[in-house]
Number of protein chains: 2
Amino acid sequence: MSMKGDVWSAALAKCALFAGLDEEEVLLVASLAQEKRVRRKGVFFREGDQPCALHLLLAGEVALKQASIDGQEVIVRLVGPGEVFALASALEGAAYPVTAEALRASHALVWDQPAVQELLRRIPGLCRNAMAVLLRRIRDLEQRFREIATERVSQRLARTLLRLARHAGRKVEGGVLIDLPLSREDLAQMTGTTLFTVSRCLAEWERKGIVEAGREKVLIRSTHGLVTVAEDLPSADE
Amino acid sequence: MSMKGDVWSAALAKCALFAGLDEEEVLLVASLAQEKRVRRKGVFFREGDQPCALHLLLAGEVALKQASIDGQEVIVRLVGPGEVFALASALEGAAYPVTAEALRASHALVWDQPAVQELLRRIPGLCRNAMAVLLRRIRDLEQRFREIATERVSQRLARTLLRLARHAGRKVEGGVLIDLPLSREDLAQMTGTTLFTVSRCLAEWERKGIVEAGREKVLIRSTHGLVTVAEDLPSADE
DNA sequence: CGTGCCCTTGAAGATCTTCAAACGCAGTGG
DNA sequence: CCACTGCGTTTGAAGATCTTCAAGGGCACG
């Protein structure tokens, strides 16, 4: 237990939800956690599942998807190592509004609802931290809402790629590689369009030398070029 | 002061943020509040303003708008009496991400940042209440995000009207009147489309007897008809 | 009785989706 | 080693959907 506590405490400290906790509190958090591992394409939980638990991703990458009645899916958020997910559901005690699907083999700490309640009771600063996390999510959602409401697909896709580069970009010779196995369909579900339109955009940008696209792979050759598209600025070649 | 406290306490108790507070706490909340009145088309604050304060709407109706660089506006949320707004900004201490414009003459209680901090320190349950409010907003935003990403304008507009009916609907003979002065442009900014498309949708629905549209006015004659549109179900007449 | 604001409508065209067909790569099994 | 197969991808063509622009109508309010 105490060894695990040590291994986990690094991850816990990096996480915004548990930032600023003292040693004793970290141990409490660790002692109530359970572990869960999921292989690529597996799920931590499905939309509608109950009861629901708080998750902290230690390793891997998770996509949170929401489906409409007719089966159309949207990716609401990508979660990377050190980020929590299902915080809202765990706090509210409501069913998960999304399905958490692993893009690659993933490993998370999990706190069930009694544990979350216990933590909230015993750790004074936790509620403030939780609020900070939620506030950030609201900002993010409002911005994306405005984007999807007012911008064209190419602009939104460019922004999505830029965000992905920040979230999971790896510098390589020739540009920034988005180091996630994302299909055209995945990008479409993040952008609010179809895989066909995504494919066409990427093909056009490849012709212009802005990106290099491959199977479940995008390499950004010119961040500046993408910004130009995202902001709808006139580009050199038309 | 004490009279004001009495007048306000009813409004405070109805508000989710201050629910469950004891009498002493309510008095504290009231004692730190300031009043602000704004006429129709006036604003409580503008995007980018700082420092920012927590607002509780007592009377009137407020639209929260966000503008993109090229001037396109989106209505992120409508706020009715008893609801708080700018909670996130007040908690974070960041600039307002939206402009709060009054749809009709409005009256609000306002707490500046020191007051908010003081309240958070002195009222133990407040943080939990704030979280509940934020969680609700996240749910709402995620749902609307999925809608705007996957549905056609007519579906989204139908949903917007149904939400408005719930939020500010007044039963009259012949249906439910949306009791707010909303222009076609406003509806467009809530739905992520143009005023022209809104106008055409309403005209079509009027022909089918689903709504009755007028200048800054919509009367829903058949809620069921709107649901049919929103869910993209086959309707009787095509 | 104008004047401003909101609304409607048509026409043209941009943008995006849908559908069908086919390509190519990765992994599998013969 | 090769063929097979599945999956992700590409591309074209057709058409649905939505936006844009222009013109004009009508109502409210000064």
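In what follows, chains are A, B, ... by sequence order, proteins preceding strands, each numbered from 1.
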Next on the checklist: Please determine whether salt bridge (charged side-chain N to carboxylate O under 4.0 Å, His left out) holds for the pair A:R40 and A:E61, giving the CA-CA distance in whole Å, both sets of side-chain angles, and the decisive distance to 0.1 Å.
Outcome noted: CA-CA 9 Å; A:R40 177 169 146 86; A:E61 193 80 23; over 6 Å; no

Next on the checklist: Check this for me, if you would: do B:R159 and B:E151 make a salt bridge, where the nitrogen-to-carboxylate-oxygen distance has to be below 4.0 angstrom?
Outcome noted: yes

Next on the checklist: Any side-chain N or O of A:T197 below 4.0 angstrom from OP1/OP2 of C:dT17?
Outcome noted: yes

Item to check | Ion pair check, A:R37 and A:E35, cut-off under 4.0 Å | outcome: yes

Checklist entry - Is the distance between the ring centroids of A:Y96 and A:F45 under 6.0 Å? => result yes

Checklist outcome for this item: Separation of C:dT18 atom C1' from B:R152 atom CZ, nearest Å, is 12 Å

Checklist entry - To the nearest angstrom, how far is A:Q72 atom CD from C:dC16 atom P? => result 16 Å

Checklist entry - Between A:D70 (CG) and C:dT17 (P), how many Å, whole number? => result 15 Å

Item to check | Selection from D:dT11, D:dG6, C:dC6 that lies nearest to any side-chain heavy atom of A:R215 | outcome: D:dG6

Checklist entry - Between the base of C:dT18 and the side chain of A:R200, is there a donor-acceptor distance below 3.5 Å? => result yes

Item to check | B:R40 CZ - D:dA28 C1' separation (whole Å) | outcome: 12 Å

Next on the checklist: So if I take every side-chain heavy atom of A:S199 and compare against D:dT10, C:dG10, C:dC25, which nucleotide ends up nearest?
Outcome noted: D:dT10

Item to check | Nearest-neighbour nucleotide for the B:E216 side chain, D:dA13, C:dC7, D:dT19 considered | outcome: C:dC7

Next on the checklist: Distance check needed: C:dT15 C1' versus A:E151 CD, whole Å only.
Outcome noted: 15 Å

Next on the checklist: Counting only side-chain heavy atoms from C-beta out, which of C:dT9, C:dC25, C:dT17 sits nearest to B:A203?
Outcome noted: C:dT9

Checklist outcome for this item: Separation of C:dC6 atom P from B:Q189 atom CD, nearest Å, is 12 Å

Checklist entry - Any idea which of D:dT9, D:dT11, D:dC18 is nearest the A:F196 side chain? => result D:dT11

Item to check | Interatomic distance, A:E206 CD vs D:dT10 P [rounded to whole Å] | outcome: 8 Å

Next on the checklist: Aromatic contact between B:F18 and B:W111, with the criterion being ring centroids under 6.0 Å apart: yes or no?
Outcome noted: yes

Checklist entry - Out of C:dC19, D:dC18, D:dT9, which has the shortest distance to the side chain of B:T193? => result D:dC18

Checklist outcome for this item: A:K217 atom NZ is separated from C:dG24 atom C1', nearest whole Å, by 15 Å

Next on the checklist: With a 4.0 Å limit, can you tell me whether B:R184 has a side-chain N or O closer than that to the phosphate oxygens OP1/OP2 of C:dC7?
Outcome noted: yes

